[in-house]
Amino acid sequence: MVDARLGRGTSVGVSVLSFGLALGVGQLVAGLLAPLSAPYQAVAAAVVRLAPAWLVEFGKSLAYPGLPAGVADKATLLVGVGVVVLLVAVLAGLAAGRRVQPARRVLLVVGLIGLAAVATSPTFAVLDVFAPLAALTAGWYCLGWLHSWAVAAEVERAEGPGESAIRTGQASDTAGWGRRAVLTAGAAVGAGLVGTLAGGGGRGSVGAVGAVPFPAAPPVPPGADFVAQGTPTFVTRNEDFYRIDTALRVPAISPADWSLRIHGLVDRELTLSYADLVARPMVTRPVTLTCVSNEVGGDLISTSQFTGVDLRDVLLAAGPRPGADQVLSTSEDGWTAGTPLEVLLEPDRGALLAVAMNGEALPLEHGYPVRMVVPGLYGYVSATKWVVDLELTTFAEKQAYWLERGWAERAPIKTQARIDRPRAGEPMPAGRVVAAGIAWAQHRGVERVEVRVDRGPWQPAELATEVSRDTWRMWRATLDVPPGPHLLQARAADATGVWQTEIRASPVPDGASGYPEVAFLAR
Ligand SMILES: Nc1nc2c(c(=O)[nH]1)N[C@H]1C(S)=C(S)[C@@H](COP(=O)(O)O)O[C@H]1N2
Ligand SMILES: [Mo]
């Protein structure tokens with residue numbers, strides 16, 4: 001009898017096809033039953049939940065030319081998970097030269113990891129177990145079929161068809177089986193890839209808001225930016241607005257299906273439909289959002305005219321009970337933020353349940369159909385996109401998503417300046433260097449910005465028109481510097497007269513600090 005050991009290529013092929021089939025079936029079943037249970041995305045999301053903070057920060061800092069904001073991190077993560085699965089499948093194949101069992105054991109482990117990722121997802125529902133289980137089952141049988149077919153084919157090749165047929169009595173049958181198996185596997189892998197892209201990932205289609213009359217945003221007063229000197233425009237275009245979130249699949253919620261439940265420590269639990277929400281008085285407020293992960297000099301900051309309903313009024317309608325100190329907001333995909341109740345109840349805070357940015361319905365990526373916006377707080381403790389649930393509770397009782405990962409419980413935005421001109425290394429005309437940038441201290445307002453060259457005396461910068469204390473403020477300064485290399489630094493003071501700190505801190509746990517600086521060349 002021939003020793004049927006599969007060639008490396010064959011056993012790896014068998015394994016990779018089977019793992020691919022498993023993945024595809026999982027994504028397809030998820031797409032049909034419960035999109036949030038897609039095992040591939042669930043594993044990727046679990047990687048984010050379990051990864052050390054520095055790695056997550058590294059991911060967020062990624063940017064590839066041509067990719068829209070907030071996509072590079074997700075693309076890298078998904079491709080990374082795919083590469084790991086592929087490597088594991090290859091190794092499983094190498095171990096399965098003689099018997100299928102080793103590969104099946106590896107598949108079982110990978111399958112259980114997928115199941116665990118789905119089961120520990122914040123949106124877990126019982127129905128969600130079917131996708132990973134279907135994936136595991138499909139991979140398991142596919143491995144068996146393909147492996148035994150390949151072994152039979154190997155025996156046949158080594159012994160000749162006649163002998164093998166006599167020995168097994170089913171050679172031609174086996175070959176037929178095999179061809180069918182390969183075709184099935186190939187088709188399923190193809191379908192699975194489509195499922196992965198369409199069902200599990202990507203963006204679905206959603207109903208439009210219909211005829212909601214979003215009040216037109218008031219015009220920005222002239223002189224609010226110094227674009228000619230290199231600052232951003234005062235209002236950020238929706239397409240250019242920075243994007244940060246954990247959503248590997250952008251939630252696609254039709255306004256008709258959306259509702260917001262306000263519950264917990266309240267006198268009257270409320271559930272608002274989209275129609276209920278937009279029937280309330282709507283206001284438009286310019287607000288600058290900032291991410292706590294923004295490094296000094298970074299670009300995770302943007303400004304929009306947000307239109308929505310006053311969040312304070314909605315909370316008061318529910319009647320917060322004494323004892324509540326946190327509003328835990330939950331997104332459709334299970335992400336949570338914890339905002340101090342006292343901040344949301346400040347009469348002049350201006351927190352919004354926003355439905356529009358710059359006069360248009362929120363883009364899907366920015367929380368369509370409804371998100372929270374709270375001036376003065378970093379996004380991770382306040383700016384819940386795709387918000388569907390507000391629970392009045394206590395910080396002692398419930399921890400929001402990023403708190404469990406080492407970030408601070410309370411996170412007011414730190415006063416900070418950024419230099420946009422000159423750029424690092426940029427040659428500037430000696431004698432008359434025009435520097436420009438932005439500064440922010442949301443909800444306190446920016447009162448002063450100063451710059452200094454080569455650690456010389458601080459010189460005042462000219463400030464642009466203040467639009468709101470909840471937004472950034474642009475600055476510019478003309479500097480007389482001799483030819484040669486120089487270091488430019490900047491600092492901002494808020495309206496309470498307090499200067500930003502010089503002490504350098506990295507984003508974890510409550511935001512970066514330190515003077516921004518740029519080395520440039522005057523000539
Ligand atoms: N549902 C959901 N909302 C979220 C997040 C998230 O991961 N999921 N990230 C928050 C963070 S960290 C920031 S900085 C802001 C960014 O909002 P933007 O993407 O519209 O700029 O959204 C916040 N809201
Ligand atoms: Mo953020």
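Just follow the structure's listing: the first ligand is 1, and inside any ligand the first atom is 1.
- E409 and Q399 form no side-chain donor-acceptor contact under 3.5 Å, judged by distance and modelled atom types alone.
- The shortest N/O to N/O separation between H366 and ligand 1 falls below 3.5 Å.
- D348 has a carboxylate O that lies under 4.0 Å from a charged side-chain N of R469, or vice versa, which qualifies the two as a salt bridge.
- Taking atom 21 (O) of ligand 1 as the reference point, the nearest protein heavy-atom neighbour is Y242 O, 2.6 Å.
- By the 30° and 60° cut-offs, the orientation of the rings of W407 relative to W402 is perpendicular.
- Atoms of ligand 1 lying under 4.0 Å from any heavy atom of Y380, numbered from 1 in the order shown and given with element: 11 (C), 12 (S).
- For atom 1 (N) of ligand 1, the nearest non-hydrogen atom from the set A247, A411, S331, A337 belongs to S331.
- Few gaps surround CG on L87; more than 12 heavy atoms of other groups in view lie less than 6.0 Å from it.
- Protein heavy atom nearest atom 3 (N) of ligand 1, with residue, atom name and distance: K385 N, 3.0 Å.
- For the pair D245 and K385, the salt-bridge criterion is met [side-chain N within less than 4.0 Å of a carboxylate O].
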Check your understanding: Between D276 and S273, does a side chain to side chain donor-acceptor pair (under 3.5 Å) hold up when you go through it step by step?
Key -> CA-CA 5 Å; D276 296 336; S273 69; 3.1 Å; yes
Practice item. Carefully, step by step, assess S468 and R285 under the rule side chain to side chain donor-acceptor pair (under 3.5 Å). Key: CA-CA 9 Å; S468 153; R285 296 181 179 137; over 6 Å; no
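- Under 3.5 Å, the side chains of N358 and S304 contain a donor-acceptor pair of N or O atoms.
- A salt bridge links K414 and D510; the closest N-O separation between the charged side-chain nitrogens and carboxylate oxygens is under 4.0 Å.
- Ligand 1 has no nitrogen or oxygen under 3.5 angstrom from a nitrogen or oxygen of W402.
- By the 3.5 Å distance cut-off applied to N or O atoms, I244 is counted among the residues near ligand 1.
- The residue Y378 has no part lying near ligand 1, judged by heavy-atom distances below 4.0 Å.
- Interface atoms of ligand 1 facing C291, defined by a heavy-atom separation under 4.0 Å, are 14 (S).
- Looking at ligand 1, you won't find any N or O of V292 less than 3.5 Å from one of its N or O atoms.
- Closest protein heavy atom to atom 24 (N) of ligand 1: A383 O, 2.9 Å.
- Close N/O approach between R371 and ligand 1 is found [any backbone or side-chain N/O within under 3.5 Å].
- G379 CA, 3.8 Å is the protein heavy atom nearest to atom 13 (C) of ligand 1.
- Distances from atom 5 (C) of ligand 1 to the heavy atoms of W407, W335, Y401, F241 show the closest one on W335.
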